[in-house]
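This report concerns only the one structure given below.
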Amino acid sequence: MPELPEVETVRRTLERQILNKTITDVKVYYERMLENCTKEDFISTLKGKTIKKIDRYGKYLIFIFDDCSLISHLRMEGKFFIKNLDAPKEKHEHIVFTLDNNISFRYHDTRKFGRMALLNTIDKAQIMKYPALAKLGKEANDETFTEQELLNKLSKKNIFIKTALLDQEIICGLGNIYVDEVCFMSKLNPFTLTKEITIKDAESILESSRIVLAKAIQAGGTTIRSYTSSLGVTGLFQLELLVHSKENEPCPVCKTPIVKTKVGGRGTYYCPRCQTLPNKKVIGITGSIATGKTTVTTYLKEKGYLVLDADEIVKEEKKPNKLIYKALINKFDRKILNSNNEIDDKKLAQFIYESEHNRQIINKIIHPIVYDVLEDEIVKAPHGLIFVSVPLMFEAHFDSLCQKIICVKTSDDVQINRLMNRNNLTLEEAKKRIDAHMTQEEKCQKSDYIIDNSKELCYTIEQVNEIIRKEE
DNA sequence: ATACAGCCCTGAATGC
DNA sequence: TGCATTCAGGGCTGTA
């Protein structure tokens, strides 16, 4: 998707190739592309006009002619091509200009999202009064854009920083890719609320924007050679991206796998370790089955800490018309329901224990829902320590939600006895349940803290308090 | 006023 | 294999 650097590269390339050329013919194949005029007006206005100047503001290209101007926004997939006159018209070429040096200048847009508008002025100030341009904020790489100005705009809103940086009225020229890069460079979690952004953050956002845009423009500017390839949008900058589209790849700073999520409907990539929420620390609690996670979480709740529990979320979202309920019905129709139209846990358990394949199917439905709910609750939580209890922390990759992880362990004997008593299982059944998951040793090895819950309660509590002291 | 869902579009990827 | 569904997303419009 063309953002400021790509559009600037297109501008520079076009400047070299079509400046001072005169339009001898215009063909419009998709009229909805034209924002403020008919096909006939568009053609008759532009025929015979010479391209005097090519400007840009943010992601908008501005073609200046003798007595009128053309504003073009490429949106997602708009591209300009320069071709020979006899090149066959391609499916997605919607506007074709013939220039007086006998070349064909074509607008190509697979998804037809791009727009053009015609203005009967060539005065820059007048052009900038066009509604779409008038409301744009300062460009992200504008040297006169001060951190205080940006902060003032941000603090008027209460939205996620990612959403704010995509808002062209706040800061202009950044798109989905560069916003992810800017957030990463500024060490900002994309879910950070604009009201929590500090003056330092604002300074960092502007500095990162300038760096990332300058680098991208430089990279894009070196790639244009061919007359037949698209102009400018095939830049090489994607090779230098730090986080965007790098899901599961190691963070270039700390090697933690990059996480993909959604913010305001936009695919968003960030490093969970480098980009934490301000004033919040998320501490995960995990451990094998029947090791005593509940002992720990109950104590934490008594002390007044917020404890989010994956199992409780599953229970809640299984209720009629909640997320897991709907997703399961969508997959299995109504055969997993009991006579009260509730999810029948026995039927579900039976299905899960039938085969590994079935277990995976269920997990693939449930885990992402729980992950999203947890993410949402963490974002909404007040400042301070937040504990998140997830039995399958590592197996289901919930560790990316946490900054530190506690593993609760106990001795094998205690674990087996507790499981047999609690779930009314035989020794063999209990062993099978335990063996189905990652071993205690492996979980402990992946964790930052280990709580030994094999002795008296006071010993366990002492260990919890020690961790709180360190993390508060 | 502010926030947000839905819309415009097509092709690639995924699901069954 | 082939058909159907889902996803990608910038900016505009309408609604609560």
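Lettering follows sequence order; numbering is per chain, from 1. Since we're looking at a predicted model, the values are computed, not measured.
- Side-chain contact between A/Gln403 and A/Arg273: absent, with no pair of heavy atoms (C-beta onward) separated by less than 4.5 Å.
- In this structure, NZ of A/Lys112 is placed 9 Å from P of B/dG11, rounded to the nearest angstrom.
- Note that A/Lys83 lies in the cation-pi zone of A/Phe81, set by a 6.0 Å cut-off to the ring centre and a 45° limit from the axis.
- For DNA chain B, no neighbouring residue in residues 128-137 of chain A is found when judged by any heavy atom under 4.0 Å.
- If you check distances only, the side chain of A/Arg266 never reaches the base of C/dA8 with a donor-acceptor pair under 3.5 Å.
- In this structure, the nucleotide among B/dT10, B/dC4, C/dG10 sitting nearest to the side chain of A/Ile159 is B/dC4.
- In the set C/dG11, B/dG11, B/dA3, the nucleotide with an atom closest to the side chain of A/Asn158 is B/dA3.
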- Under the side chain to side chain contact (heavy atoms under 4.5 Å, CB included) criterion, do A/Thr268 and A/Lys260 qualify, and how do the steps go? CA-CA 6 Å; A/Thr268 300; A/Lys260 183 185 185 188; over 6 Å; no
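- Partners of A/Tyr107 by side chain to side chain donor-acceptor pair (under 3.5 Å), not counting sequence neighbours, listed by chain and number: A/Asp109.
- Using a cutoff of 4.0 Å between basic side-chain nitrogens and carboxylate oxygens, A/Lys318 and A/Asp345 are scored as salt-bridged.
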Sub-3.5 Å pairs of nitrogen or oxygen atoms, protein against nucleotides 14-16 of chain B:
| from | atom 1 | to | atom 2 | distance (Å) |
| --- | --- | --- | --- | --- |
| B/dC16 | OP1 | A/Lys331 | NZ | 3.1 |

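- Counting only N and O atoms by type, the side chains of A/Ser104 and A/Arg106 include a donor and acceptor under 3.5 Å apart.
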